[in-house]
Amino acid sequence: MPRELPGRSMTKSYAPILVILGVSILNAVGMVVASHVLNPSRPTPQKSMPYESGMIPLGDTRARFSVKFYMVAISFIVFDLETIFLIPWAVRARELGWGPFVAVFLFVVVLAVGLVYEWKKGGLEWD
Amino acid sequence: MNHFSTFWFVVIGAIKVLAVFTVLMVVVAYMTFAERRVSAFIQDRLGPNRVGPQGLLQPIADGIKNILKEETMPATASKFYFLLGPALAITPALVTFAVIPFAAPLPTPWGTVDMIVADVPIGVLYILALSSLGVYGLVLGGWASNNKYAFLGGLRASAQMVSYEVALGLSLVAVLLLSGNVTLTEVVAKQQALEFWFVFPLSLAFIFFMVSAFAETNRLPFDMPEAESELVTGYHTEYSAMKFSMFFIAEYAHVVTASALMATLFFGGWDVPFWTGDDMFYHQGALIRGFDAAGAPIPATPTVLVTLLTLASFCAKTAFFLLLFIWVRWTLPRFRYDQVMHLGWKVLLPAALIYIMLVAGTMLVLDQLGVPFGFRYGLALTGVSGLATLAFLFVADRDRIIGGAHKKRAGRRLPAETSAS
């Protein structure tokens, strides 16, 4: 594998990513600027009104929304972190053997209990 | 390609970055065209066929139109974030492709060039990180528009992408178990060593990955963030002309990357099926073909022909998944939002956790039995995974699709049938 080479430096493996990131950002900025320069702008009060099926917009857009979205975000953090904890074990699972396997199994079970609790409490229900 | 001098490293690196970026943009442009032509074919229409031969110049005409059209912005929108939204959506979508190997190493007079933009040691983690950044553009665009439809679309996008990222990450854990490394070059090498594409020994992980990839790219049947029958067009309701097409480019770039990932992780990447002539990987800095009976490495001889063949193989596999993305979009109806969240949290998440434990346990048992990593190892895992897949499909079906059709036919008989029997 290339990264096992003694002379392989951090710069050489990550530099192309910075370059392609730079190209992509330039491309994105270029698209916004180019369309701003090239296209005509003739705003009227009707055009600059938020679209609400042709009606005059009613009430505030920044309204309160369902607490379910927050629940999903919190559950996501728990299980995404679980994934991140599983990855280091996964790449070395065969060398590590049965001991860590049991440990990971217990870790998964603990979080699965949390999932079952949330499930039974109705935290995953959408109506 | 470490033995290059800095000068050649910069030149070759720049060529690869520009080539990959250009090809990606062209493929994205022609995906919009392919989508319209294939959908027309599926619905027995003609589709756009007027601009150029068979309409092949249509993407160029669309591009020119979009850059010259007037753009509107709601007077009440947050101006800066309204502009930032599409830019933030498009950037990570185009960068993710950098770590995917697209062909076998190419021999040049200056040394062997790896056919990958950046073979970073964090491979899969980089993809997880970058692909999840895409959600910010959608949410920010939806919020900054100050439009109720756009706001709801942005909210839905955030909840949905966040939910399926868990399932996506867990299906990748199963791949990492078998590959033992997070770089994608190593994932390809391990599939050659196992003599099995990972889709067979990890069949259930592939199903989870594919479903999650459809949800992550907001494609039908998971296009809740832009459900036009409910939210006009969701998060990009207020966007027009070039900024609208930037959201579109981002979506298709994610589709292309997801297709390339499915090909790389589960279908052998650039590996040509049933041919060992293309097997080559790095071992302690040297490109080798494998090991002889005594365990000594056999050096590989990369040729231009092998590089071209493997490139063709990779493109064919990616093209198949691109076609699948279009095919599914024009075949399946949209889910309800509660069904989307139900599938993500109550089906894919627990099933993926159980599956990871099953694969890890099976691999440890096989190691205990002393089965060498090769054909028989893959065969045993294929058997276990196949049974798990059958069990999963049986439970997930709940007598609706596979069993249901049969039961419905038995229950609702036509009058003629009843009188005859």
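First the proteins, then the strands, lettered A, B, ... as listed; each starts at 1. Below, all heavy atoms of this structure are taken into account, side chains as well, without hydrogens, waters or symmetry copies.
Neither the backbone nor the side chain of Phe97(B) comes within contact range of chain A, judged by heavy atoms closer than 4.5 Å. Neither the backbone nor the side chain of Leu152(B) comes within contact range of chain A, judged by heavy atoms closer than 4.5 Å. With a 4.5 angstrom heavy-atom cutoff, Ile249(B) touches chain A only via side-chain atoms. Neither the backbone nor the side chain of Leu130(B) comes within contact range of chain A, judged by heavy atoms closer than 4.5 Å. Interface residue Glu82(A): only side-chain heavy atoms are found under 4.5 Å from chain B. With a 4.5 Å cut-off on non-hydrogen atoms, Trp119(A) touches chain B through its side chain but not through its backbone. For chain A, the nearby parts of Thr91(B) are the backbone and the side chain; heavy atoms of each come within less than 4.5 Å. With a 4.5 angstrom heavy-atom cutoff, Glu71(B) touches chain A via backbone and side-chain atoms both. At a 4.5 Å heavy-atom cutoff, Leu366(B) makes no contact with chain A through either its backbone or its side chain. Using a 4.5 Å cut-off between heavy atoms, Asn147(B) contacts chain A through both its backbone and its side chain. In this structure, the portions of Ser75(A) lying under 4.5 Å from any heavy atom of chain B include both its backbone and its side chain. Residue contact with chain A, scored on non-hydrogen atoms closer than 4.5 Å, involves the backbone and the side chain of Leu155(B) alike. Within the 4.5 angstrom heavy-atom criterion, atoms from both the backbone and the side chain of Val365(B) approach chain A.
Counting non-hydrogen atoms of other residues, nucleotides and ligands closer than 6.0 Å to NZ of Lys69(B) gives a total of 12 or fewer. Open room surrounds CZ on Phe105(A); 12 or fewer heavy atoms of other groups in view lie less than 6.0 Å from it.
One finds the CG atom of Leu86(A) at 6.0 Å from the CE atom of Met357(B) (value rounded to the nearest 0.5 Å).
Of the listed residues (Asp80(A), Leu124(A), Val37(A)), the greatest number of heavy-atom pairs within a distance under 4.5 Å of chain B belongs to Leu124(A).
We find that Lys346(B) and Glu118(A) are not joined by a salt bridge, their nearest charged nitrogen and carboxylate oxygen being 4.0 Å or further apart.
Listed for the Gln160(B) side chain is no donor-acceptor partner under 3.5 Å among the backbone atoms of Ala157(B).
Closest approach of Arg94(A) to Phe373(B), counting heavy atoms only: NH1-CD1, 3.2 Å. The two residues Val72(A) and Ser163(B) make their nearest non-hydrogen contact at CG1-OG, 3.5 Å. Scanning both residues, Gly123(B) and Val99(B), for their nearest heavy atoms gives O-CG2, 4.1 Å.
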